[in-house]
Each structure stands twice: as C-alpha cells, then as structure tokens.
Amino acid sequence: MSEAKNAYGLMAEFETPAEILRAAAMIRDAGYLHWDVFTPFPVHGMNHAMGLKGSRVGWFSFIGGVLGYWSGMLMIWYMNAHDYAIPVGGKPMFSPFFSFPPSFELTILLGAFGALFGMLYTNQLPRLYHPLLKNPRFKRVTHDGFFIVIEAGDPKYSEAEARRLLESAGSRHIEQVEE
Amino acid sequence: MAQIGAETQSIAKESALSMPEPPAELERPALVLNARTPAWLSDKIAGVAEGKAPLWWWIAFCISFLTMSMGFGMIAYLISTGVGVWGVMRPVMWGWAIVNFVWWIGIGHAGTLISAILYLLRQRWRTSINRAAEAMTVFAVMCAGTFPLIHLGRAWFFYWLFPIPNANGIWPQFRSPLMWDVFAVSTYFTVSVLFWYVGLIPDLAVMRDRSTTTLRKFFYGLFALGWTGSNRHWNNYERAYLILAGLSTPLVLSVHSTVSLDFSVSQLPGWHTTIFPPYFVAGAIFSGFGMVLTLLIPLRRFLHLEEVITMRHIDLMCKVILATGSMVAYSYAMEFFIAYYSGNAYERFAFLNRALGPYWWAAWTGYACNVFVPQLFWFKKVRSHLTLVFIISILVNVGMWMERFFIIPVSLHRDFLPSSWGYYIPTWVDVLTYVGTFGLFFTLFLLFIRFLPLIAISEVKGVTAHADPHHALGGAGKGDHS
C-alpha cells in the first residue's frame with residue numbers, strides 16, 4: 001500500500017481559474033463528498049461547479065438583527081418607562097418613535113455580529129491547525145496557486161482512483177498530504 | 001470516473017457559443033494596468049508592509065507621533081484644569097470640540113460608502129481603495145469620538161452615557177438625540193472595525209504565508225484564524241461580506257443623520273431645519289472623499305502603486321466629489337430659501353447673520369470651497385491633473401470644516417435675545433487639541449500601512465483578467481463560455 005497510515009488526502013495543483021473550474025465540475029460529477037477547492041480569491045462560478053448550496057450565514061445575521069431591535073425597545077421601555085420614569089416635557093414615557101434610533105442601531109450592531117459569528121461558525125473557524133497549512137507547496141494558495149484536495153475521509157476515496165481523476169482533470173502536480 | 005469527466009468536458013465544448021470579440025472602444029479600461037498577475041499583486045502590495053520602513057515613513061511617523069503626543073498633552077491639561085481652558089463661553093457652549101467631532105465623523109463616511117454602498121452597486125473599482133478608506137473611517141471615528149468624550153467637562157463620568165447601572169440608580173434618558181448619538185457612533189465604530197477585519201482575513205493569510213520571522217508568522221497566523229482559501233469558506237465568507245455591506249449602508253446613512261438630529265431637534269434658528277439629515281450625509285461623503293484623495297494621491301506615488309490605484313480611480317472619485325458637492329450646494333440654497341420663505345424673523349436673521357454677520361468669512365470660505373471649487377471637476381483636464389486634484393481635495397475639507405463651524409457656533413452666537421449675544425474665539429488649547437487629532441489620525445494610518453496590506457489583495461486579484469475563468473488570461477480557450 002502506497003497509502004500512508006494517516007493520509008489527509010490528495011492535493012492537486014492547477015494553473016488557472018478556468019482549469020480548476022472545469023476540474024471541480026468533474027469531481028462534483030464523480031460524486032465525491034469530502035473535497036474542496038482552494039483559491040487565492042473566490043472564483044466566479046465555483047459554487048455552481050462544486051454543487052454548493054447557498055450559505056446559511058444570513059440566518060445568523062437575521063436572528064442577531066431581530067434580537068438587537070427588540071432588546072433595544074425593551075431596554076428603553078424598562079429604563080425610561082418602568083424602572084425609573086422621568087417625565088420630560090409632557091412627552092410619553094415610552095414611544096416606539098423615540099426608541100427607534102437606538103433600537104435601529106442595535107439591530108445593525110447585533111446583525112453585524114451575527115454575520116461575523118455566523119461566518120466563523122459555518123466555516124468552523126478559527127482553526128489554527130490544519131494539515132494543509134503544513135504543506136510548503138500549499139503556501140501558494142494565498143499567492144497564485146489553485147488547489148483541489150480530495151480528502152481520505154471520503155466514502156468513495158481510493159488513492160489510485162482519485163489520482164487518476166485529478167490527472168484527467170489536467171493537474172500537473174499531485175501529491176499526498178499527511179494528517 | 002475519468003470517463004464522466006471527459007464527457008462533461010466534451011459537452012461543455014459543444015455547447016460553447018463562438019462569440020465575436022467586442023470592438024476595442026467598447027472594452028472597459030482595466031482596473032489593474034499592464035495586465036499584472038495575481039502573484040505580482042501580492043508581492044507588490046504585501047511588500048509595502050514588509051522589509052525596512054523607508055525614510056519618508058520614519059519622518060512622517062515622528063512628526064505625527066509628536067503631534068499626537070502634544071494633543072494628548074492638551075487633553076491632559078484640559079481634564080486637569082477644566083473646560084475653561086477652551087474658548088467656549090455663553091452663549092456659545094458648543095465650540096471647536098463639536099465642530100471637530102462632526103467634521104471627523106463625516107470624513108469617516110466615505111470609507112463606508114466605498115466599502116459598502118459601492119459594493120452593493122457592484123462598482124468593481126472600489127477594490128483598489130476600499131481597504132485604505134476603511135482604515136481611514138476607523139481612525140477618523142476614533143478622532144471624532146475623542147471630542148464628545150473630553151467636552152463633557154467631567155470626562156471621567158463618560159460611562160453615565162451608557163445604559164449601565166451606576167451609583168445614582170438613574171438610567172440614561174432616551175428621548176434625547178444625544179443618547180441616540182451615543183448608540184449611532186459606537187455602533188458605527190464597532191461595525192466599521194468588524195467590516196474592516198472581515199475584509200482583512202484573507203489578506204492576513206497572505207501575510208502569514210509570506211512571513212519570514214516567527215513573530216510575524218505568529219501574529220498574522222493568529223489573526224488570519226487559519227484561513228485556507230477553501231471555496232466552501234469563500235462561499236460563507238462572501239455572503240457574510242455582502243450582509244455586512246447591506247447592514248453598513250443604512251448604518252452610514254443613519255449615523256450622520258443622527259448627528260444632525262443633535263442640532264435639528266433643538267429650536268435654535270439655523271439648527272432647527274428638516275433638511276439636516278440628508279444635507280449632513282451628503283456633506284459627510286463629500287468631505288470623506290476629499291480625505292481619501294488627500295491620502296491616496298501621495299501614497300500611490302511614494303509606494304509606486306500607480307498600476308493599482310489608477311488615474312481612472314482618481315477620476316471616478318473626483319466625480320463622486322462633484323456629485324456630492326452639488327448636493328451640498330443645493331442644500332445651502334434650500335436653507336436660505338426656506339429661511340426667507342418661512343417668514344420667521346429669527347430664521348431670516350440667523351441666515352443673514354451667517355452670510356453677512358461677524359463670521360461672514362467662515363460662511364464665504366465654506367461656500368467657496370464646497371460650492372464653487374468642486375465644480376472644477378466638470379473638466380477632465382482638472383480631474384486628470386494630480387496636483388490640482390490634491391489641492392482641491394484639501395480645499396474640500398477646509399470648506400467642510402468651515403461648514404460645521406458656521407452651522408454650530410455661528411448659529412449659537414446670536415440667538416433670540418440681543419442682550420445675550422456674544423462672539424466666540426477659540427483659545428490656543430482648542431487649536432492645538434484639533435491639530436493633535438491629526439497626529440493621532442496619521443500615526444494610526446502610518447502604522448496601518450506598515451503592518452497591514454493597504455489594498456485588499458485578494459479582492460484586487462479577483463477583478464483582474466487572470467481571475468476571470470472566461471478570459472484568455474484566466475485560462476479560457478477560444479469561445480470558452482461554458
């Protein structure tokens with residue numbers, strides 16, 4: 001067996017966005033599940049080529065926004081109308097109108113935190129250790145390298161099979177990545 | 001499996017349409033000149049923050065740092081002595097501090113406009129300038145935030161503004177626009193930092209992978225959060241970025257509107273005006289673009305970034321200044337018209353006094369710089385003359401500072417009762433505190449260009465022809481539009 005005991009997967013290098021876009025579509029069609037494309041910038045059309053669904057980040061942001069708005073309204077009602085009412089100029093103790101600006105700002109604030117934490121959660125970041133980050137060739141991914149990695153954990157994974165597929169997809173350099 | 005792949009390829013080839021090449025004059029000018037590659041871009045941009053700092057950087061940094069220290073000295077003097085060291089006195093209790101606050105926070109607005117609104121409008125040219133503009137926003141809001149804090153008189157009680165239980169058992173009073181302002185400005189600062197940081201994550205990974213020293217590797221690696229450039233990550237990342245842009249757009253419009261409500265909710269003639277929110281927002285974007293140009297024109301020269309921040313970028317920014325400057329001019333005209341049309345004697349007097357009273361010079365400097373000077377940008381010759389653009393960009397901010405001045409103290413100094421009129425003169429402490437915030441701003445900005453990529457590397461890579469899978473440079477075959 002050429003397969004190392006703890007192989008992370010097979011890493012193939014490509015030269016251009018067009019090449020990797022075609023290759024990704026081939027791997028998607030071959031039915032792999034645990035694989036990924038690594039690029040220095042988001043390649044237009046790659047989500048479709050990989051068969052990815054839309055992101056769930058929007059939900060996190062939405063929940064953050066709703067939470068922000070109502071906590072603002074509730075806070076102002078509690079402080080200015082319930083806990084310590086201060087009558088000012090015969091104005092109502094609570095009104096959704098004067099409460100709107102702070103509540104709106106809190107909507108934005110918690111919505112933005114929702115987007116950030118939603119992105120980190122869906123991406124499982126921060127993850128400071130990653131087998132790929134140990135690979136010296138992989139450093140090019142933030143420079144001008146385009147990589148496809150088929151993980152050894154994929155139910156269909158066999159090294160020979162995956163290597164053949166990546167070769168036929170036009171990769172010029174394929175190597176195994178250790179865990 | 002290899003067969004399936006080959007099939008996909010052949011289907012793709014068959015279905016591809018052969019399209020005639022578009023005529024050259026319809027081709028959009030490139031955003032990065034000389035068809036530079038992604039590798040060149042990372043070397044060029046990341047290179048600015050690597051290696052030894054050039055001499056001009058050290059000189060600029062020393063000057064800024066000394067100026068900043070002087071500013072902090074002034075603040076220490078103010079807090080230890082009392083607000084009497086400033087020129088504020090009845091009837092003008094809002095002097096330079098509030099003028100500077102409104103001015104600095106307005107400058108921040110261009111950064112958010114570039115990063116959020118232009119992103120939603122799919123203006124791809126924003127990628128070369130958004131990072132520096134966002135940094136400008138964050139630092140400008142920091143300078144702005146200093147002033148309301150120190151003008152409190154007893155600055156050490158600033159936390160009374162926040163809705164936290166304190167020893168008095170009294171909560172903040174939310175019917176006051178000043179409270180809204182606390183929320184607007186602190187949210188604006190936080191969200192600007194978040195947006196900036198999210199944009200930085202892929203670029204921090206670039207810096208991490210280029211680091212040669214352990215220290216740099218550690219810190220860039222830590223803040224890059226383990227970014228690998230995975231497309232599954234890009235998918236969520238781009239969505240988060242889009243949402244942040246969508247949230248920042250109403251936010252930026254609300255911030256200066258809320259700032260303007262501090263004035264317009266009061267009943268002072270000259271302040272009590274319904275046009276204030278849009279008028280302030282237009283002015284904010286106008287002055288912010290002025291500052292972006294003031295910063296970027298020398299930077300692109302010193303750092304040799306002419307191929308990334310091109311003349312087209314400068315040209316487009318000049319056009320934004322022209323558009324927003326015209327909106328500001330319209331607001332000025334409308335203010336005067338409404339003052340006349342209202343038939344209200346106090347309102348009429350406030351505006352006559354603004355233009356012809358003892359502070360006539362402030363008003364006319366403002367009108368000259370904000371109304372007439374930007375109109376020069378109708379001419380392409382002016383827009384493509386860098387020295388002229390640089391001078392105009394500074395005049396824009398001189399004008400906008402004067403605008404804040406003729407709105408705030410000038411409206412206050414002569415209100416309803418002539419017996420309570422006065423003339424406001426700032427003291428040297430006022431002046432040096434303001435100068436000190438420039439030190440703070442430039443110190444932070446110079447540190448930013450030394451340690452962080454000042455152009456969004458991965459975003460600029462994404463708008464080059466090399467990144468386009470349908471372009472020959474991106475590896476597409478002829479007629480390959482699959």
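The chains referred to below are lettered A, B, ... by the order of the sequence lines, with proteins before strands, and numbering in each begins at 1.
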Self-check item: A:Trp35, part contacting chain B, at a heavy-atom distance under 4.5 Å
Solution: both
Quiz prompt | chain A contact via B:Thr228 - which portion, at a heavy-atom distance below 4.5 Å | solution = both
Exercise. Mind listing the closest non-hydrogen atom pair of A:Leu125 and B:Gly226 along with its distance?
Key: CD2-O, 3.8 Å
Self-check item: Distance (rounded to the nearest 0.5 Å) between B:Arg239 CZ and A:Thr122 OG1
Solution: 10.5 Å
Quiz item: In residues 55-71 of chain A, which residues are in contact with chain B at a heavy-atom separation under 4.5 Å?
Solution: A:Ser55, A:Arg56, A:Val57, A:Gly58, A:Ser61
Quiz item: Which atom names give the shortest non-hydrogen contact between A:Pro40 and B:Ser458, and what distance separates them?
Solution: O-CB, 3.4 Å
Quiz item: Who among B:Ala184, B:Pro172, B:Pro38 has the most heavy-atom pairs with chain A under 4.5 Å?
Solution: B:Ala184
Quiz item: Would you say A:Asn80's side chain and B:Phe174's backbone share a donor-acceptor pair under 3.5 angstrom?
Solution: yes
Quiz item: By a 4.5 Å heavy-atom criterion (distance strictly below it), what part of A:Phe113 contacts chain B: side chain, backbone, both, or neither?
Solution: both
Self-check item: Portion of B:Pro250 that has a non-hydrogen atom of chain A nearer than 4.5 angstrom
Solution: both
Quiz prompt | B:Trp171 (side chain) donor-acceptor with A:Asp83 (main chain) under 3.5 angstrom | solution = no
Quiz item: Heavy-atom distance under 4.5 Å to chain A: side chain of B:Gln173, backbone, both or neither?
Solution: both
Self-check item: Which of A:Met50, A:His130, A:Glu19 touches chain B most, by non-hydrogen pairs under 4.5 Å
Solution: A:Met50
Quiz item: Sub-3.5 Å donor-acceptor pair from the side chain of B:Asn235 to the main-chain atoms of A:Lys53, do we have one?
Solution: yes
Quiz item: For B:Leu247, is it the side chain, the backbone, both, or neither that has a heavy atom closer than 4.5 Å to a heavy atom of chain A?
Solution: both
Quiz prompt | Greater than 12 external heavy atoms within 6.0 Å of A:Tyr129's OH | solution = yes
Quiz prompt | Student check: side-chain heavy atoms of A:Asn123 and B:Trp227 closer than 4.5 Å | solution = yes
Self-check item: Part of A:Leu133 within contact of chain B (heavy atom distance under 4.5 Å)
Solution: side chain
Self-check item: Test item: B:Arg175 side-chain N/O and A:Pro92 main-chain N/O as donor-acceptor pair under 3.5 Å
Solution: yes
Exercise. Would you mind telling me which of B:Val206, B:Asp203, B:Thr37, B:Val198 has the largest number of heavy-atom pairs within less than 4.5 Å of chain A?
Key: B:Val206
Practice problem: Go through the side-chain N and O atoms of B:Asn231 and A:Asp36 and say whether any donor and acceptor fall under 3.5 Å apart. | Solution: no
Quiz item: Is chain B contacted by the side chain of A:Leu120, its backbone, both, or neither, given a heavy-atom distance below 4.5 Å?
Solution: side chain
Quiz prompt | Proximal component of A:Pro136, with respect to chain B [non-hydrogen, under 4.5 Å] | solution = neither
